[in-house]
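Structure record follows, encoded as structure tokens.
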Amino acid sequence: MTRTKKNFINQKKLTSVLIKPAGPDCNLHCHYCFYLKKSNLFPETRVHRMSLEILEETIKQAMSQSAPEIYFGWQGGEPTLIGLDFFRQAVYFQQKYGEKHSVSNGFQTNGLLINKDWAKFFREYNFLVGLSLDGPQHIHDRYRQHSNGHGSWEKAVEAAKLLLDSEVATNALVVVNDYSARFPEEIYQFLKSLGLTYMQFIPCLEPDPKNPHHPASFSVSIEQYGDFLLRLFELWKADFHNGQPSIYVRNFESLLFAFAGLTPPDCNLHKECGDYLVIEHNGEVYSCDFYVQPEWNVGNIKDKRLIDMLNSATQRKFGKRKSLLPEECKKCEWLVFCRGGCPKERGFAPEPEKSYFCQSYKRFFQKTSPFFQELIKNLKNK
């Protein structure tokens, strides 16, 4: 009886799922994309699309097994490829099975297919849209290209303007690569000029195909990323009004949670991983967006329950891997603020057991922690 009760108490609650309705399919061929290669996992068909049966089962389970609040993330590949009617049906299922639930939807897109119908839908149902936009044209088009080599900047900017004009909550998702890292101020000011005052910056770090223990050429270097974060911080700080930020930079806002002793919203700042599940187009469920691979397949929505997969031995093993850090990390004064970084940052020379960006983070925290601590103090006093 005691063991059963203990197991029940320690069960993770289902609070979010990440759904890939068009699988790894995309209408762009970005040089740094890690997800296009996932099509090799699903060779049965060339085109990958989620059926309405799998969609309904996913939403039905998520509603019946989750906490009162549930978040649905829609990603790809490119999720707009499956069409707007699919998402109308998704909202219908959420309403059908979501009695007494608070439902949030996040949608990540490259913007190429966004039109007035999509914008109207997002506004009507309060979707939060993450638009992939790396900055001005020379930065964005460096790697975000079609298969024919043509850039995608003009369509992405057009989508940004349409979404903002339609009063859709829109975040800019910026990949910091070897080239864009040179232009933090130009990127920041460009996004501000468009009205994109909610920003998230994602460091690009992918293995070199010929030498998997070394970063690919387009990855941001350790020194570059440290420089970029510090300059971005100064730009963010300069835009404070009355002691509070006027620009939302998710990277820094999440750190505020950590400095306040709260659980940050970003999973890469959590002590362990495995708090959400990824559901592919065919119903296969995986531990994490960065680990859609056979080793971390926890089942299929057609024959297993989401809550059971979230609390499975495989998912728990996956989650605990993050806390397996060297002694140097465990003794580090900044551990509570970085938690060793995302596990995908490990495995690269010269210190494969640590985050590749360890020194980037140390430099950043050494220079910025007094400001964060003072800001938390002032916010608490208010």
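Along the sequence shown, the residues carry numbers beginning at 1. The figures here come from the full heavy-atom set of this structure, side chains too, leaving out hydrogens, waters and symmetry mates.
Put simply, the side chain of S246 does not reach to within 4.5 Å of the side chain of T197, judged on heavy atoms. Between L163 and D165, the closest side-chain pair of non-hydrogen atoms is not below 4.5 Å. Side-chain contact between T58 and L55 is absent, with no heavy-atom pair separated by less than 4.5 Å. Between Q373 and K377 there is no side-chain heavy-atom pair separated by less than 4.5 Å. At a threshold of 4.5 Å between non-hydrogen side-chain atoms, the residues I139 and W153 do not count as touching. A 4.5 Å side-chain heavy-atom check between F364 and L255 finds at least one atom pair inside the cut-off. Put simply, the side chain of C273 does not reach to within 4.5 Å of the side chain of S287, judged on heavy atoms. When side chains are defined from C-beta on, W118 counts as touching F107, because their heavy atoms get closer than 4.5 Å.
Using a 4.0 Å cut-off between charged side-chain N and carboxylate O, D227 and R363 make a salt bridge. Remark: D275 does not engage K13 in a salt bridge, criterion side-chain N to carboxylate O under 4.0 Å. Using a cut-off of 4.0 Å between Lys/Arg side-chain N and Asp/Glu carboxylate O, K120 and D117 are scored as not salt-bridged. Salt bridge absent: R250 and E253 never bring a charged side-chain N and a carboxylate O closer than 4.0 Å. Between E353 and R346, none of the side-chain N atoms (NZ, or NE/NH1/NH2) sits under 4.0 Å from a carboxylate O, so this pair counts as no salt bridge. Under 4.0 Å is where a charged nitrogen must lie from a carboxylate oxygen, and between K322 and E272 no such pair does. The pair D289-K20 meets the salt-bridge criterion, since a charged nitrogen lies less than 4.0 angstrom from a carboxylate oxygen. Salt-bridge annotation for E57 and K302: absent, with no side-chain N of the basic residue lying under 4.0 Å from a carboxylate O of the acidic one.
Scanning both residues, N110 and L112, for their nearest heavy atoms gives OD1-N, 3.0 Å. Scanning both residues, G340 and L335, for their nearest heavy atoms gives N-CD1, 3.9 Å. The two atoms that bring N27 and L113 nearest to each other are ND2-CG, 3.7 Å, heavy atoms only. When all heavy atoms of L196 and A172 are compared, the pair lying nearest together is CD1-CB, 4.1 Å. Residues I247 and M199 approach most closely at CG2-CE, 3.8 Å, considering heavy atoms. A pairwise comparison of heavy atoms in P245 and W236 identifies CB-NE1, 3.7 Å as the closest pair.
Clustering ILVMFWY residues whenever any of their side-chain heavy atoms sit less than 4.5 angstrom apart, transitively, puts L191 in a cluster other than the one holding L131. I70 and I54 fall within a single hydrophobic cluster, where Ile, Leu, Val, Met, Phe, Trp and Tyr are joined by side-chain heavy atoms under 4.5 Å apart, directly or via other members.
A distance below 6.0 Å separates the ring centres of W74 and F87. The six-membered or imidazole ring of F183 lies near that of Y179, with a centre-to-centre distance under 6.0 Å. Residues Y286 and W296 place their aromatic rings such that the two centres sit no closer than 6.0 Å. Ring to ring, F252 and F257 are not that close: their centroids are 6.0 angstrom or more apart.
Between the side chains of E56 and Y97, at least one donor N or O lies within less than 3.5 Å of an accepting N or O. Q145 and H31 form a side-chain donor-acceptor contact under 3.5 Å, judged by distance and modelled atom types alone. E154 and H140 are not linked by any side-chain donor-acceptor pair at a separation below 3.5 angstrom, with hydrogens and angles left out of the test. No donor-acceptor contact under 3.5 angstrom links the side chains of H146 and N148, judged on distance only. Residues Y32 and D134 bring a donor and an acceptor atom of their side chains to less than 3.5 Å of each other. Between the side chains of D178 and Q224, no donor N or O sits under 3.5 Å from an acceptor N or O. Between the side chains of S355 and E345, at least one donor N or O lies within less than 3.5 Å of an accepting N or O. Between T109 and E78, the side chains place a donor N or O and an acceptor N or O closer than 3.5 Å (distance only, hydrogens not considered). There is a side-chain donor-acceptor pair under 3.5 Å between N105 and Q94. Side chains of H48 and D25: a donor-acceptor N/O pair is present below 3.5 angstrom, by distance only.
A donor-acceptor pair is defined here as one N or O able to donate and one able to accept, closer than 3.5 Å; no such pair exists between the side chain of S219 and the backbone of S217. Looking at D266, its side chain never comes within 3.5 Å of a backbone N or O of N268 through a donor-acceptor pair. Counting only distance, with no hydrogens or angles, the side chain of Q61 and the backbone of L306 share a donor-acceptor pair below 3.5 Å. Although no hydrogens or angles enter the test, the distance criterion places no donor-acceptor pair under 3.5 Å between the side chain of H214 and the main chain of A349. The closest donor-acceptor contact from the side chain of S254 to the backbone of N251 lies at 3.5 Å or more, if one exists at all. A donor-acceptor pair under 3.5 Å is formed between the side chain of Y291 and the backbone N or O of K344. In this structure, S152 contributes its side chain and R144 its backbone to a donor-acceptor pair below 3.5 Å. Looking only at distances, no side-chain donor or acceptor of K161 sits under 3.5 Å from a matching main-chain atom of A156.
Geometrically, K60 does not engage F93 in a cation-pi contact defined by less than 6.0 Å to the ring centre and at most 45° from the axis.
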### Task
Show your working on salt bridge (charged side-chain N to carboxylate O under 4.0 Å, His left out) between E185 and R231 and close with a plain yes or no.
CA-CA 7 Å; E185 187 162 3; R231 182 58 185 140; 2.9 Å; yes

May I have the step-by-step check of salt bridge (charged side-chain N to carboxylate O under 4.0 Å, His left out) for K155 and E158, ending in yes or no? CA-CA 5 Å; K155 290 294 291 183; E158 184 182 304; 3.5 Å; yes

- Kindly indicate, with the supporting measurements, whether the criterion salt bridge (charged side-chain N to carboxylate O under 4.0 Å, His left out) is fulfilled by K38 and E280. CA-CA 10 Å; K38 300 301 178 184; E280 256 291 346; over 6 Å; no

**Asked** Please walk me through it: do F190 and V157 pass side-chain contact (heavy atoms from CB on, under 4.5 Å)?
**Response** CA-CA 11 Å; F190 170 75; V157 170; 4.0 Å; yes

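A ring-ring contact (aromatic ring centres under 6.0 Å, His included) with F233 is found for one member of F228, F372, Y188 and no other, namely F372.
Between atom CZ of residue F357 and atom CZ of residue F348 there is a gap of 8.5 Å, rounded to the nearest 0.5 Å.
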